[in-house]
Amino acid sequence: ILREGDALVARKDWEAARGKYDEIRKRYGISLISRRAGDKIAEVERLKSADAEEAIQRENERKRKEREEREGQLKRMQEAKGYEEPVPPSAPRLPEARKIYEEVLAWAERQEDTSMAEVARKEFQRLDEYLRRAEATAELAAKHLGDGEVDAAHQRVRELLSKYPKSPQALSAELPYMVQSIPPLAQVFQGSQLLGRTPQLVKIRPDADAEVIVKLKTFRESRQKLSPGTPLVTVELGKEYLWRRRRGGAIETTPVVEGGRILIGGRDKKFYCLDAANNDPLWKPFEASFDGQIESSAAVLKDRVYFGA
């Protein structure tokens, strides 16, 4: 019986061990074996008390670690809030915030911390829905653009910027524009960078200088502002004039250019010879002696000019 009691002590089954030692004392009364059993009972009580104290210490340590872990998880959720509302110029980091809430939720569920689990689940679901919608909107914009639907793609990007401005897709988004020109095949520049020729797709960051320069030889260059909400832009290019000057009457004839000179007649009954470079007169205007207006183009033959009226 004593050996059975000792085995129970080794297993820390204090009550069962004491029962064995009490059995010896009852069965053998005043005897050496009963005395040994009494000593064993005292030892059991000492060990039981020490074990209880150790258990209390372990429990206190467990609770301390749980408190520390919980405080750590609360700090992580504060960190996630900081990712959502960063101090400028830092950009929002919503995917990292969502991952933190997901991990905090998993910890809270393991610890059966229902209050923290409820908060983390709510924040995770909110961010997850936000990011999923932003991703779907960005994918739809990309599909429209791939199908050549610049107008629809432009509207989807604007939706992305207005509804989901903190999403990674919005932070890297570019507004698409289609720049066309009359006449076509004009060069399109953004700053000093040549983008291509019209019709030309142009993508511009919402916070960038939304202006392009359209150039075509013998036409005046045009600076065109690109405004959100107007994705299809048509630029009508005007001819580039070396000079312009009004004469005494309408000129409806086709000019003749000969040796750097312009020969042309007008309805004011005058025939002009002008310097093609600067419009300076090279002759005193020849005034016809007849009453008719000059309506025919001139012809040049052997240093003579012929025209009809």
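Quick caveat: nothing in here was measured; it's all calculated off a predicted structure.
Between Ile213 and Lys215, some side-chain heavy-atom pair lies under the 4.5 Å cut-off. Counting only heavy atoms from C-beta outward, the side chains of Leu160 and Ser167 approach each other to under 4.5 Å. Pro168 has its side chain within reach of Pro95: a pair of non-hydrogen atoms, C-beta onward, lies under 4.5 Å apart. Side-chain contact between Leu274 and Asp280 is absent, with no heavy-atom pair separated by less than 4.5 Å. For the pair Ile251/Thr253, a side-chain contact is recorded, criterion being any heavy-atom separation below 4.5 Å from C-beta on. Residues Arg25 and Ile41 are in side-chain contact: their nearest non-hydrogen atoms beyond the backbone lie under 4.5 Å apart. Counting only heavy atoms from C-beta outward, the side chains of Leu171 and Pro92 approach each other to under 4.5 Å. Between Gln111 and Arg70, the closest side-chain pair of non-hydrogen atoms is not below 4.5 Å.
Between the side chain of Asp275 and the main chain of Ala277, a donor-acceptor pair closer than 3.5 Å is present. Not a single donor-acceptor pair under 3.5 Å links the side chain of His144 to the backbone N or O of Glu149. Not a single donor-acceptor pair under 3.5 Å links the side chain of Ser49 to the backbone N or O of Arg46. Side chain of Ser162 to backbone of Arg158: a donor-acceptor contact under 3.5 angstrom is found. Proximity of a side-chain donor or acceptor of Thr234 to a complementary backbone N or O of Ser181 within less than 3.5 Å is not detected.
Salt bridge Glu102/Arg98: absent, no basic N to carboxylate O contact under 4.0 Å. Ion pair Arg156/Glu159 flagged as a salt bridge, since at least one NZ, NE, NH1 or NH2 atom sits closer than 4.0 Å to an Asp/Glu carboxylate oxygen. Arg67 has no carboxylate O lying under 4.0 Å from a charged side-chain N of Glu71, or vice versa, which leaves the two without a salt bridge. A salt bridge links Arg62 with Glu59; the closest basic N to acidic carboxylate O contact falls under 4.0 Å. Under 4.0 Å is where a charged nitrogen must lie from a carboxylate oxygen, and between Arg126 and Glu123 at least one such pair does. Residues Lys26 and Asp22 are not paired through a salt bridge, judged by the lack of any N-O separation under 4.0 Å between the basic side chain and the carboxylate. At a threshold of 4.0 Å, the pair Lys81-Glu85 does not count as salt-bridged, since none of the basic side-chain nitrogens sits closer than that to a carboxylate oxygen.
Once rounded to the nearest 0.5 Å, the distance linking CG of Leu127 with OH of Tyr101 reads 6.0 Å. Note that the CG atom of Leu282 and the CG atom of Leu263 stand 9.0 Å from one another [nearest 0.5 Å]. Distance check, rounded to the nearest 0.5 Å: CD of Glu23 to CD1 of Ile1 gives 4.0 Å. Interatomic distance, OG1 of Thr114 versus CD of Glu118, reported as 7.5 Å (0.5 Å rounding). Atom NZ of Lys122 sits about 15.5 Å away from atom CZ of Phe124, to the nearest 0.5 Å. The distance from atom CD of Glu174 to atom CZ of Arg205, rounded to the nearest 0.5 Å, is 7.0 Å.
For Tyr28, the OH atom counts as loosely surrounded, since its 6.0 Å shell holds 12 or fewer non-hydrogen atoms of other residues, nucleotides or ligands. Atom CZ of Arg304 has 12 or fewer neighbouring heavy atoms from other residues, nucleotides or ligands inside a 6.0 Å radius. Within a 6.0 Å sphere centred on CZ of Arg267, other residues, nucleotides and ligands contribute more than 12 heavy atoms. The 12-atom threshold is exceeded at CG of Asp207, counting heavy atoms of other residues, nucleotides or ligands nearer than 6.0 Å. Within a 6.0 Å radius of CD in Glu61, more than 12 heavy atoms belonging to other residues, nucleotides or ligands are found. Crowding of Arg36 atom CZ: a count of heavy atoms from other residues, nucleotides or ligands under 6.0 Å not exceeding 12. Heavy atoms of other residues, nucleotides or ligands lying less than 6.0 angstrom from CD of Glu96 number more than 12.
Using modelled atom types, one finds a donor on one side chain and an acceptor on the other under 3.5 Å when comparing Lys239 with Thr218. Side chains of Tyr21 and Asp6: a donor on one and an acceptor on the other come within 3.5 Å. For the 3.5 Å distance criterion, the side chains of Thr230 and Ser227 fail to qualify, holding no donor opposite an acceptor.
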Could you walk me through whether Glu139 and Lys143 pass salt bridge (charged side-chain N to carboxylate O under 4.0 Å, His left out), step by step?
CA-CA 6 Å; Glu139 289 177 353; Lys143 181 180 183 302; over 6 Å; no
Do Lys20 and Glu4 pass the salt bridge (charged side-chain N to carboxylate O under 4.0 Å, His left out) test, and can you show the C-alpha distance, the side-chain angles, and the key distance before you say yes or no?
CA-CA 7 Å; Lys20 290 293 183 181; Glu4 288 175 358; 2.8 Å; yes
Please assess Val214 against Leu237 for the test side chain to side chain contact (heavy atoms under 4.5 Å, CB included), listing each intermediate value before the final yes or no.
CA-CA 8 Å; Val214 183; Leu237 297 173; 4.0 Å; yes
Before you tell me yes or no, could you show the steps for Tyr164 and Gln169 under side chain to side chain contact (heavy atoms under 4.5 Å, CB included), namely the whole-Å CA-CA distance, both residues' side-chain angles and the distance that decides it to 0.1 Å?
CA-CA 8 Å; Tyr164 315 107; Gln169 295 82 3; over 6 Å; no
Would Glu84 and Lys166 count as a salt bridge (charged side-chain N to carboxylate O under 4.0 Å, His left out) if you check the C-alpha gap in whole Å, the side-chain angles of each, and the deciding distance to 0.1 Å?
CA-CA 8 Å; Glu84 291 188 64; Lys166 296 179 183 180; 5.8 Å; no
May I have the step-by-step check of side chain to side chain contact (heavy atoms under 4.5 Å, CB included) for Ile204 and Leu175, ending in yes or no?
CA-CA 5 Å; Ile204 295 183; Leu175 282 166; 5.5 Å; no
Pair Trp283-Tyr272, side chain to side chain contact (heavy atoms under 4.5 Å, CB included): steps then yes or no
CA-CA 7 Å; Trp283 301 343; Tyr272 300 91; over 6 Å; no
Between Arg58 and Glu54, is the salt bridge (charged side-chain N to carboxylate O under 4.0 Å, His left out) condition met? List the steps.
CA-CA 6 Å; Arg58 286 197 303 270; Glu54 185 179 343; 3.1 Å; yes
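Nearest heavy atom pair, residue Val150 against residue Tyr177, reads CG1-C, 4.0 Å. Shortest non-hydrogen contact noted between Ala170 and Leu161 is O-CD2, 3.6 Å. Between Ser222 and Val235, the shortest heavy-atom contact is OG-CG1, 3.4 Å. Val188 and Gln200 make their closest contact through CG2-CB, 4.0 Å (heavy atoms, listed as atom of the first residue, atom of the second, distance). The minimum heavy-atom distance between Ala153 and Ala141, with the atom names listed, is CB-O, 3.5 Å. Summarising the geometry of Val256 relative to Ala298, their closest heavy-atom pair is CG2-O, 3.1 Å, with the distance given to 0.1 Å.
Geometrically, Lys270 does not engage Phe286 in a cation-pi contact, judged by NZ or CZ lying under 6.0 Å from the ring centre and within 45° of the ring axis.
Relative ring orientation between Phe307 and Phe271 is described as parallel, the plane-to-plane angle staying below 30° on a 0-90° scale split at 30° and 60°.
Val212 and Val233 fall within a single hydrophobic cluster, where Ile, Leu, Val, Met, Phe, Trp and Tyr are joined by side-chain heavy atoms under 4.5 Å apart, directly or via other members.
Checking each of Leu105, Asp113, Val104, Ile100 against Gln73 for a side-chain contact (heavy atoms from CB on, under 4.5 Å) leaves exactly one that passes, namely Val104.
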